[in-house]
Amino acid sequence: MNESELRERTRALLKEVNPDAKGDQRIPFRGAQFDRGLAWVSFPEGLGGLGLAPKLQTVVQDELHKGAKTYYEDMLVNPIGIGMGAAVVLAYGREEGKRELLRRMFTGEEIWCQLFSEPSAGSDLAGLATRAVRDGDDWVLNGQKTWTTLAHISKWGLLVARTNPDLPKHDGLSYFMLDMQAPGVEVRPLYQITGEAEFNEVFLNDVRIPQKHMLGEEGQGWKVAIATLMNERVALGGGASKKGGGPIAVLLELFENVEAKRSPAEEALLRDRIAKLYIEAELLRLTGIRAKAARDSNVVGPEGSVGKVAQAEIGKAIWECCADVLGPDALVYEHGYELRQGSTSSPNSRLHAKYTLLRSRAYSIEGGTSEIMRNILGERVLGLPGEPRVDKDVPWKEIRRS
Amino acid sequence: MNESELRERTRALLKEVNPDAKGDQRIPFRGAQFDRGLAWVSFPEGLGGLGLAPKLQTVVQDELHKGAKTYYEDMLVNPIGIGMGAAVVLAYGREEGKRELLRRMFTGEEIWCQLFSEPSAGSDLAGLATRAVRDGDDWVLNGQKTWTTLAHISKWGLLVARTNPDLPKHDGLSYFMLDMQAPGVEVRPLYQITGEAEFNEVFLNDVRIPQKHMLGEEGQGWKVAIATLMNERVALGGGASKKGGGPIAVLLELFENVEAKRSPAEEALLRDRIAKLYIEAELLRLTGIRAKAARDSNVVGPEGSVGKVAQAEIGKAIWECCADVLGPDALVYEHGYELRQGSTSSPNSRLHAKYTLLRSRAYSIEGGTSEIMRNILGERVLGLPGEPRVDKDVPWKEIRRS
Amino acid sequence: MLFEFSDEHGELRRTVRDFFEKESDENRVRELMSSEQGFDPTCWGRMAEELGIVGLIVSEEHGGAGLGMVELAIVAEEMGRVLLCAPYLSSAVLATSVLEFAADEAAQKEILPKLASGEAIATLAFSEAANPWDFSAIAMTAEPKGDAFQLSGEKTYVLDGQIANEIIVVARVDGSLALFRVADDASGLSREALPPFDPTRRIAALRFKNTPASRISSGDLCCQLECALDRAIIALAAEQLGGAQRVLETTIDFAKTRFQFGRPIGSFQVIKHGCADMLVEVEFARSAVYNAAFSGDEDPQSVAVAAQMAKSYCSDAYLDIANRSIQIHGGMGFTWEHSAHLYYKRAKASEILFGTASYHRERMAALLGFGAR
Amino acid sequence: MLFEFSDEHGELRRTVRDFFEKESDENRVRELMSSEQGFDPTCWGRMAEELGIVGLIVSEEHGGAGLGMVELAIVAEEMGRVLLCAPYLSSAVLATSVLEFAADEAAQKEILPKLASGEAIATLAFSEAANPWDFSAIAMTAEPKGDAFQLSGEKTYVLDGQIANEIIVVARVDGSLALFRVADDASGLSREALPPFDPTRRIAALRFKNTPASRISSGDLCCQLECALDRAIIALAAEQLGGAQRVLETTIDFAKTRFQFGRPIGSFQVIKHGCADMLVEVEFARSAVYNAAFSGDEDPQSVAVAAQMAKSYCSDAYLDIANRSIQIHGGMGFTWEHSAHLYYKRAKASEILFGTASYHRERMAALLGFGAR
């Protein structure tokens, strides 16, 4: 199928099914999109795809955006499932029931979450301690997972557990899909610096997972996990923001509109700082475009790797600067700190900036700390040698843990 | 002997011998100072001292400064010898000839230098490769030393060499005093970024050192070297500069006097930067005073350890700021870059600042890089654990080197 | 400057630390920061009676201990260390200093003993929204009304303004700055607790509408107010030092005991060097605070510069350390249950309070005449 | 902005790199930087004839290649990489652009072909000491004398002013900026080579005393001069990028092969993270330069902002990278024999030339109207 046929097929879908439903009402449209192979065009026919080149997906998205007023971004419907789970289920899931699993994932009928991080395994993900012990046709799991987005509304969890502690750390892991409604799964909100719980802790007490829900082979958990995280990168590395958009726009707006009596010297210092941040934000954006251009021509350059660490630091610095533009008004926190689930958003730039100052403290931690990202830049991109390792080639159970 | 007797003794010396001679003419005075035990009051009688508490030395210096117009600072006469060598010779030297050695060191008749660093052993001093092989009553040395101040005018060198490469790196070292006029010692100027050579490289080709010039026992080289470097610290950790003195004074003077048309914004940025540096320089000074107060009351606190790394960074930043105060004039380098020995100094602040911008690049390298100093702060002061080591408990010759 | 602490200073520090370790542990801080009042009156009473630190700098003639800035710095450092939730900075430091330096004798006699004993809590309402930390920017003007005055307008960012029962207002009379006392139940007075970014220190907006007020000072107070504010600034810098020191300790402990990749994370060089930098900052902050405190007692003409230096440096240092601490703690440092965010919020709010680091640098540069030809 | 480089662009880069790797290796740079002339006329001739890059941006009608900013950026980047000692920025970029944008047709016809062919070397003498990079600050006024003019006064920081044989001076006539051509043997002209901080690029002071000069422009040139300077700024930023990239490469190589404590120093996390930060800076610098270059060819109204951004960012980045490189090389990086200091000096001087990073940020903020209400 060529591009224009694909475009036509998408237009036909838009004509035949109402694309502008909301909430649960969007299920029929997304179901039809799946059935016509327009969910993931690179997937096989029957599993939401048409066996086409992955980049043709943009043709579908393009038409959907043009043809539907309220078309919901795929990622928002089921971010973990669609962004990370789909490819893993496709590659490693059992054939039986795969179609239904993928379809319900795509429509958002079944939300997915990811259960990788643990309290004692943050940057050192492969050091995780959740144990899975074989018992007949089942695995019995005990342990604790953390930083789990959406766990409280999820049907399925992508989970890595240790099936053999006698092997070196990367070798004793296996990968499962966990029914979040199974007995012994307890989800608790994890409150943050802001008082919100965007994340959860998930406690596993004698939770049984049938062998058929293992994705990949026993001991392949690390490989499947890495594949999952690579999908995350691709999912996150989407389109570049537009010029002067995003956080820097908020900063400029505040700088222009906040009433504050600053001395000329303070004004000059702030203006220089904002100019510096503007340049950095703009260069981050342009570097993203260069990275995309390189990817499109299949050239792998360093420009694609610098994004995460730079984005984290620039983002933090911009929100810090916003607070400083607000001046003494930043002493007042209108949102308050009552514990609550979900994430705060405010159309008011001033309030948004106050909240995001706090929220942004995690930019350099979540999704890989800046320390880990700099290790990766140094070792994988620049080819610098690794550090002496004390946790390789020894059984996991002999590695010191906190 | 109590403080007032010591004071009296010093005054007597000043009365009886002319203290205000210059150059070589100062030898008689310094000789008399040595003979009367006023060189190092804590040393034994006959070896330049009186067996008194070390802190009483300040009484002597105090009187000398009051009573002599041109009294030369001890350290300037023979910085390595007096600052680092004396204590080592006293503790580890053979009794025979010790008095004459120390006396000629103190008078400056015999200048000393230190031969520790090597091209391949910078931060990793104990990894040094200069070999000493026993041959009868002598040791035969081959290797290269670098960053040697004063080598070209020195009579003696304090030297560490590897006497046993089969032992772990710290265990196979021995410590010598080297006659710098011995055959096979070749001293070459080492030119720097400024075109000057403040330092030398010293090449050792089959140099013979008699066994009696070993300081300490065979294999004790590391211990003696550490003792030497501790003396260096004490020597460097001398009096605190006065308020607003030193580099920051140059910066303030330039900021006040340099004619430049800056925009109000540039002026504000520069003023804030200078204020920041002024604060840091002042806090460095005050922290030095706190450290001295703590030492005087025998309390070992962290304040004494932060000095080196802070001084290096603040110093560099101040000289960078000086250049920026000069503005486009910093494009012109009046000193030129002809290769020459010695160190540039200029009474003109503008020229001094241009030179020192370059010279200060080494502040964070010489005498222990800032990286090493931060390791020390982290490990010795804060008690953080060391890194996994690949160079311990293995024979030196098996350690990888560049 | 010789930084000579006496045995009594050491004893004071130990006493205060022991007390706060029990009375202001993290659980207590969390209780108080979500309570309505924001402080514990019982604890406050014990601070006044048992420790005698509420009236620490109240002169002896007015029932206080009559101690100096060094003692104040020690106490404030310990308070900062434990994030004490109490109206100390507002009542026992700023309002007390203003009354000592600038109020009429009658007012001093009436108010200060009550402050020293903990019976009353005072606040100084001086900040106006546009340019809150600069006395010369105060615009509120008192209208004469019979023997007394009337106040109208708004003061904001008033420390503990919601709980204070001695309200001292700075306003102008004929262009000069003067102090006014306003009864906490005065007509036309409304107080709004502002939701604080840092929930361990409360702020309020005070609105006045023809509110009766009695003048309790004579002459123009600009210099006295500056001196009093410098004291509060030094106390705040000492709090910042205490907080920074505490965060450093917590972070070092964590770095020693948290293992990743089979090693304590403090063995990773980047973490180690970060901790080393924090140590330098803490030691410099300490020098800055003690310098300001000793200057306050021994070298008054250099206090203003020393105070700006201390607040400027400590603001940057505390905030940097609090930020680094969150980062080193990783995800844990971002959770509500860990204390890292409490210190971060205190650090950020303390940086803003009384003026940011660059604001104080600008003032210092002006005092020292940098670049003035 | 799509950053689409053509095959021709790649070919140009390869050709230029091959040439300079041979003709401007470190030994050659060291020879030239201590030579009197400071460049190699033979090499310059080959750059003009064999490579055709001396006349790269000279229009085709005047004997040049008529290429654009993208090609110029590529060439300048390669020159910065090897610290080329040659009057390229002065003659082939700045003076050429000024002549193209602002000179009378007759002057263009006479001078530009000679520049393109390498036969003549031009410099633009515009900077005056007090405020050298701002055309609006130019004070020198040309006095009419018969049909021609006379110049008096001093221009400084004139790039390659000592060797140029086409001297173009910016001075005022009736308050307007105009271009003047001064013969290199004109009466009253004296040229003093200034000892350069960066010996790989020469500067001179030019003094005029009733020096005869012919006017070669009409009208006020302020805009044209700004446009020409923006080109030179972009070329300089490209040089900075090339230098920064090269220093990063050298430093990485060193960190991989230098062993201390039995490990390559690049395995130490602090060194590694420093290198990672340098990489981010280089990639951002690259985005800044290419953005400015493509804007120059495709989106002229955004060039001014893009140029300020590029020069500002590249100045900071190059200097930071050159400084870090010295530190990572340790003592060796501080020696005369290692190349680290050559790049450091070039980085520092390039940061100053045409205005520092903060100067360009200020200009950019003004162009974008930040905070203008």
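Note on naming: letters A, B, ... go to the chains in the order of the sequence lines (proteins, then strands), and numbering restarts at 1 for each one.
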With chain D, which of [options] has the greatest number of heavy-atom pairs at distances under 4.5 Å?
{"options": "A/Pro385, A/Gly386, A/Ala293, A/Pro388", "answer": "A/Pro385"}
{"options": "A/Val381, A/Asn375, A/Leu377", "answer": "A/Asn375"}
{"options": "A/Val309, A/Val306, A/Leu283", "answer": "A/Leu283"}
{"options": "A/Ala275, A/Ala268, A/Gly383", "answer": "A/Ala275"}

Using distance alone, with no hydrogens and no angle criterion, decide if [X] and [Y] have a side-chain donor and acceptor under 3.5 Å apart.
{"X": "A/Ser346", "Y": "A/Asn348", "value": "no"}
{"X": "D/Ser287", "Y": "A/Thr287", "value": "yes"}
{"X": "D/Gln240", "Y": "D/Ser350", "value": "no"}

Tell me, side chain or backbone of D/Met364 under 4.5 Å from chain A's heavy atoms, or both, or neither?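 Interface part for D/Met364: side chain.
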
Contacting moiety of D/Arg361, where chain A heavy atoms sit under 4.5 Å: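 Both parts, heavy atoms under 4.5 Å.
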
Tell me if the centroids of the rings in D/Tyr344 and D/Phe334 come within less than 6.0 Å of each other.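 Judged by ring-centre distance (under 6.0 Å), D/Tyr344 and D/Phe334 do not meet the cut-off.
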
Sort out for me which of D/Met278, D/Gln308, D/Gln269 touches chain A most, counting heavy-atom pairs under 4.5 Å.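 The residue among D/Met278, D/Gln308, D/Gln269 with the greatest pair count is D/Gln269.
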
Measure distances from [X] to the heavy atoms of chain D and classify the residue's part below 4.5 Å as side chain, backbone, both or neither.
{"X": "A/Leu254", "result": "neither"}
{"X": "A/Val325", "result": "neither"}
{"X": "A/Leu252", "result": "side chain"}
{"X": "A/Glu313", "result": "neither"}

Please check this pair: side chain of A/Ser360 against backbone of A/Leu357, looking for a donor-acceptor N/O pair closer than 3.5 Å.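 Indeed, once roles are kept as given, a pair shorter than 3.5 Å links the two residues.
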
Given the ring of A/Trp396, does A/Arg401 sit roughly above its face, with NZ or CZ under 6.0 Å from the centre of the six-membered ring and within 45° of the axis?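 Judged by the rule, A/Arg401 and A/Trp396 form a cation-pi pair.
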
Among A/Arg361, A/Lys354, A/Arg273, the one residue meeting salt bridge (charged side-chain N to carboxylate O under 4.0 Å, His left out) with A/Glu320: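 For A/Glu320, the salt bridge (charged side-chain N to carboxylate O under 4.0 Å, His left out) test succeeds with only one of A/Arg361, A/Lys354, A/Arg273, which is A/Arg361.
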
So for atom CZ, which belongs to A/Arg389, do other residues, nucleotides or ligands contribute more than 12 heavy atoms lying within a distance under 6.0 Å?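 Buried by this count: over 12 neighbours within 6.0 Å.
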
